[in-house]
Amino acid sequence: MPELPEVETIRRGLLPVLEGARIRHADVRRPDLRWPFPPEMGARLMGRRVLRLWRRSKYLLADLDPGETLIVHLGMSGRMMISGLDGAPPKPPGRHDHVVIDTEGGARITFNDPRRFGMMDLWPTQALGHHRLLAGLGPEPLGNSFHEDYLVERLKGRRSPIKTALLDQKIVAGLGNIYVCEALHRAGISPLRPAARIAAKRIRALVPVIREVLCEAIESGGSSLRDYRRADGELGYFQHNFRAYGREGKPCLAPGCKGKIARITQAGRSTFHCPQCQR
DNA sequence: ACACGCTCCTGAACGC
DNA sequence: TGCGTTCAGGAGCGTG
């Protein structure tokens, strides 16, 4: 499922066809995803130019001329597909293709989301910070305001396990289940340990590890899961080698560790970790 | 402020 | 072979 690296990779894939392009037509094929689409979304997108395509946490943001931003979240199973390039026919919409955007350049961007956990909204660009979904987000993990002192401070007094704390988007925005498991594994920190009971030194060491895990995933094009299947023009599919995630029962890959990856449930979610080397 | 459980949804994987 | 059941999970939201 798309986490920050996947969204970033999708953004980069969309960049050449969307940034600077004018939307010729937008086909909104159902009234809602997780929430209703904004009123008249299709009509409001039509004829507008995309000034900038950027990302905040797991949200894709397309600044439109004039003054409005299209906010897109891919949820669990959202995908983007590009077709209609080089004179090829644009892909006709199929099952779960909920929004189809055609540009004047001839490209077609198809948003597909079987589980419909995604969302789209339109919001004034200068007031984006006040959008209910963006307002409370913590710092970008790859940005300057996510740093060692910040994380140490934010985890003070947190009795919840570090795994849960790192999934809290108010603390750091964009981490999901997979990369939290990977980061904690690399840092040798047990996902079960209460956040407030981790030595400051180890939290400080975790910060660059989080960045490293995300950067590697972005470099390799993100990660792939069941929900992502390779197809022509589909963005966001990646092959990434996880050391912990999805490796229940397999040998721990930490250097020198003889442990085995275990799978537990925390806050209703699977955690993969090595009980041997993660303390 | 924090912590927890519930909820949305469908396809894939699994069991009988 | 076919059907029913379980699981996956981002993250808002209500409750304590």
Side-chain angles (χ1 to χ4, degrees), chain A residues 1-8 10 29-37 55-61 71-80 94-99 111-121 123 130-141 150-151 153-184 191-198 214 217 222-231 234 236-237 242 244-249 263-273:
Chain A
M1 79 292 324
E3 293 188 24
L4 187 152
E6 286 76 15
V7 177
E8 177 59 24
I10 289 167
R29 301 167 52 77
R30 56 170 296 126
D32 56 21
L33 292 172
R34 181 172 181 185
W35 294 293
F37 290 125
R55 180 188 60 72
R56 172 78 171 103
S57 184
K58 300 172 196 171
Y59 294 90
L60 266 177
L61 302 165
I71 306 172
V72 180
H73 195 288
L74 299 164
M76 294 280 310
S77 56
R79 317 183 215 181
M80 293 284 188
R95 194 165 153 77
H96 305 311
D97 288 345
H98 306 311
V99 178
F111 176 80
N112 176 288
D113 184 7
R115 292 183 209 175
R116 306 208 302 272
F117 276 22
M119 62 78 65
M120 286 194 196
D121 202 2
W123 201 259
H130 299 298
H131 190 278
R132 67 186 180 104
L133 300 176
L134 303 177
L137 291 176
E140 286 288 315
Y150 167 81
L151 192 59
E153 197 53 39
R154 282 306 302 261
L155 295 181
K156 273 185 186 158
R158 273 261 164 179
R159 275 173 304 196
S160 60
I162 182 68
K163 161 87 187 305
T164 315
L166 292 177
L167 285 174
D168 185 341
Q169 304 297 299
K170 296 191 285 300
I171 293 182
V172 55
L175 292 183
N177 204 38
I178 296 173
Y179 294 105
V180 167
C181 289
E182 290 301 303
L184 289 175
L192 295 159
R193 183 171 289 275
R197 292 190 41 228
I198 303 171
L214 293 176
S223 74
S224 114
L225 256 193
R226 306 163 189 81
D227 288 347
Y228 273 100
R229 223 175 293 140
R230 189 81 170 124
E234 179 169 335
Y237 170 89
F242 299 127
Y245 191 84
R247 297 192 62 250
E248 182 183 14
R263 174 194 193 139
I264 58 174
T265 298
Q266 290 182 282
R269 234 141 259 148
S270 290
T271 299
F272 295 89
H273 70 123

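Chain letters run A, B, ... following the sequence lines, proteins first, then strands; residues in each count from 1.
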Given atom CG of Leu74(A) and atom C1' of dA11(C), what is their separation to the nearest angstrom? 14 Å
What nucleic acid atoms does Thr164(A) come within less than 4.0 Å of, heavy atoms only: base, sugar-phosphate, or nothing? nothing
Grab the CZ-P distance between Arg116(A) and dA8(C) for me, whole Å please. 22 Å
Test Leu214(A) against Leu175(A) for side-chain contact (heavy atoms from CB on, under 4.5 Å), laying out the working first. CA-CA 9 Å; Leu214(A) 293 176; Leu175(A) 292 183; 3.9 Å; yes
What's the CZ-C1' distance between Arg158(A) and dA3(B), to the nearest Å? 8 Å
Find which nucleotide of DNA chain C each of Arg269(A) and Thr265(A) is nearest to by heavy atoms, and output the residue with the more 5' nucleotide. Thr265(A)
Taken to the nearest whole Å, CD/Gln169(A) to P/dG9(C) is 15 Å
Check the phosphate of dG11(B) against Arg95(A), side-chain N and O only, distance under 4.0 Å to OP1 or OP2. Yes or no? yes
Check Arg56(A) with Glu140(A), please: is the shortest side-chain N to carboxylate O separation under 4.0 Å? yes
What integer distance in Å separates Leu33(A):CG from dC9(B):P? 11 Å
N/O (side chain, His96(A)) to phosphate O (OP1/OP2, dC9(B)) under 4.0 Å: no
d(CE, Met76(A); P, dT7(B)) in whole Å: 18 Å
With a non-hydrogen cut-off below 4.0 angstrom, is Arg30(A) in contact with a base, only sugar-phosphate, or nothing? nothing
As a test of reading the structure: which of dG11(B), dG10(C), dG12(C) is closest to the side chain of Tyr59(A), going by heavy atoms? dG12(C)
Is there a side-chain polar atom (N or O) of Ser77(A) under 4.0 Å from OP1 or OP2 of dC9(B)? no
Does a side-chain N or O of Lys170(A) approach OP1 or OP2 of dA1(B) to a distance below 4.0 Å, or not? no
Base, sugar-phosphate, or nothing: which does Leu133(A) touch, judged by heavy atoms less than 4.0 Å apart? sugar-phosphate
side-chain N/O Tyr245(A) vs dG9(C) OP1/OP2, d < 4.0 Å: yes
Rounded to the nearest Å, what distance is computed from the CG atom of residue Leu4(A) to the P atom of nucleotide dG9(C)? 18 Å
Distance from Leu33(A) atom CG to Arg116(A) atom CZ, nearest 0.5 Å? 7.5 Å
Would you please classify the geometry between the Tyr245(A) ring and the Phe272(A) ring as parallel, tilted or perpendicular, with 30° and 60° separating the classes? perpendicular
Report, as yes or no, whether the 6.0 Å neighbourhood of atom CZ on Arg30(A) holds more than 12 heavy atoms from other residues, nucleotides or ligands. yes
Rounded to the Å, how far apart are Phe117(A) CZ and dC8(B) C1'? 5 Å
Has the side chain of Arg115(A) got a donor or acceptor atom sitting under 3.5 Å from an opposite partner on the base of dG11(B)? no
